[in-house]
Amino acid sequence: GGVKEGVKKLTAGQKQERVVAKKREIARQNKEIEAARRRAFKEWEALWSSPASVMRRAGDARRKEESVREAWEGWLEWLKEPEQWERVEAKREAREREEAEAEAREHKERAEEQARVAREREEERRAKEEKKAKKQERRVQEGKEHVQRREMVWEAEQEHEIRHTELLVQLCVAEFLRQLKPRGGGKGGAAGGAGGAGGAAGKGGETEHGLRANQRAMNRLYACCQDAYRRLYQQRICKPVTLVGMKAADLEGRAGTIRCWDEEREKYLVKLETKKGDKEMLMFVRTCNLEVSGKSNPKKGPSKVVLKVETLYADADFHMVVEHEEVEALAAAADKKKHVEEVMKRRDAEDEERRKKAEKEKAEEEAERRRRMERRRQEEERRRQRA
């Protein structure tokens, strides 16, 4: 292989120095080996060079063997004595007992060590399992908290839609009743309207009761108000979201945009982001699987919308223009009923002002038409006189 990491590569000069040093070390070792061989040869030569030295060494070996044999025979004679044998047996038994005790003690210590190691391993395993269980429990708890937090966010959005839709219905009912009220024209009409104020009020109450009791009319009006809410609060409803906790792996982490809330399915209709040119992908998703992304929705809803329902009640059509500011002001008002009455009074005043303005414009147009006719008549008169 190549040069290991951390090892400095030698230069050519350093490699040559190492080769020379190695050769010098081998030559020194060879010299020492040769000197040792010469010393050994001289010693053997001194021992075996003469018969006297050989005989002396043989006699020494014989005497040593005789002394060993005498010692062995003396030991056997000594061992044959009963007391000595009993003492030897006692020592042997004591030694065996000590060895057995030492072995038992060692075995006990080994067993205790193994038990301690096993206990430590078990404690470590339990600690790891407890830590893992706590981590898993914490992860599950965090997941539940995330789900609850997401559900709370979407519940708040649904409550906002329901509350503001009901406010729109309340506003529309008041406007429809206002449109049904008789309008007096001129002085006589105004006097007649003042004279029949009590009857009109009573009739208006009956009309409101009948309208609210008519389920079909109220369902149509609620659907119209719901559509108006979704247009007015388009920026709030169409939030950018991310799919989380999905069973399908290809859907996990997908980005999309809220379209609307489906009450029957109790799910949100989400438009998923796709590649450019691909077909639009829509799917219904539960609230627990929707996470609001940090991106803000650039699309803003209109400041006002037109509500129109044909033949809403009593063969009367309903037409109304509602503004975003009006709905927010009604939502912020403490007394909703009083605020609606003030809005209706303001609309009456605006209608009266528009009526007067229209009458004034009509009168001006009539005066202008008469002036044109007078000028035309005078021109014709002058032409006849010239003729």
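From a predicted model like this one, the values you see are computed outputs, not experimental measurements. The figures here come from the full heavy-atom set of this structure, side chains too, leaving out hydrogens, waters and symmetry mates.
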*Look at atom CZ of Arg126 and say whether more than 12 heavy atoms of other residues, nucleotides or ligands are closer to it than 6.0 Å.*
no

*Would you confirm whether the ring centroid of Phe176 sits within less than 6.0 angstrom of the ring centroid of His319?*
no

*asked:* Would the distance check show the side chain of Arg216 and the main-chain N or O of Leu312 forming a donor-acceptor pair, the cut-off being under 3.5 Å?
replied: no

*Presence of salt bridge, Glu96 and Arg92, under 4.0 angstrom*: no

*N-O pairing of Lys356 and Glu353 below 4.0 Å*: no

*asked:* Do Tyr229 and Val305 have side chains that approach each other closer than 4.5 Å (heavy atoms only, starting at C-beta)?
replied: no

*asked:* I'd like to check Cys260 versus Tyr268 (side-chain heavy atoms, cut-off strictly below 4.5 Å). Are they in contact?
replied: no

*asked:* Ring-plane angle category for Tyr233 and His324, please: parallel below 30°, perpendicular beyond 60°, tilted otherwise.
replied: tilted

*Please say which of Arg377, Arg372, Arg370, Arg371 ends up in a side-chain hydrogen bond (donor to acceptor under 3.5 Å, both in side chains) with Glu374.*
Arg377

*asked:* Please find the pair of heavy atoms, one from Val241 and one from Val270, that lie closest to each other, and give the distance.
replied: CG2-CG1, 4.1 Å

*Any ion pair linking Lys128 and Glu124 (charged N to carboxylate O, less than 4.0 Å)?*
yes

*Output the distance between atom CD (Glu365) and atom NZ (Lys360), rounded to the nearest 0.5 Å.*
13.0 Å

*asked:* Quick check against the 3.5 Å criterion: does Arg220 have a side-chain atom that pairs as donor or acceptor with the backbone of Thr311?
replied: yes

*Within a reach of under 6.0 Å around CD of Gln29, are more than 12 heavy atoms found that belong to other residues, nucleotides or ligands?*
yes

*For Leu272 and Thr257, what are the C-alpha separation, side-chain angles and deciding distance, and is it a side-chain contact (heavy atoms from CB on, under 4.5 Å)?*
CA-CA 6 Å; Leu272 298 180; Thr257 306; over 6 Å; no

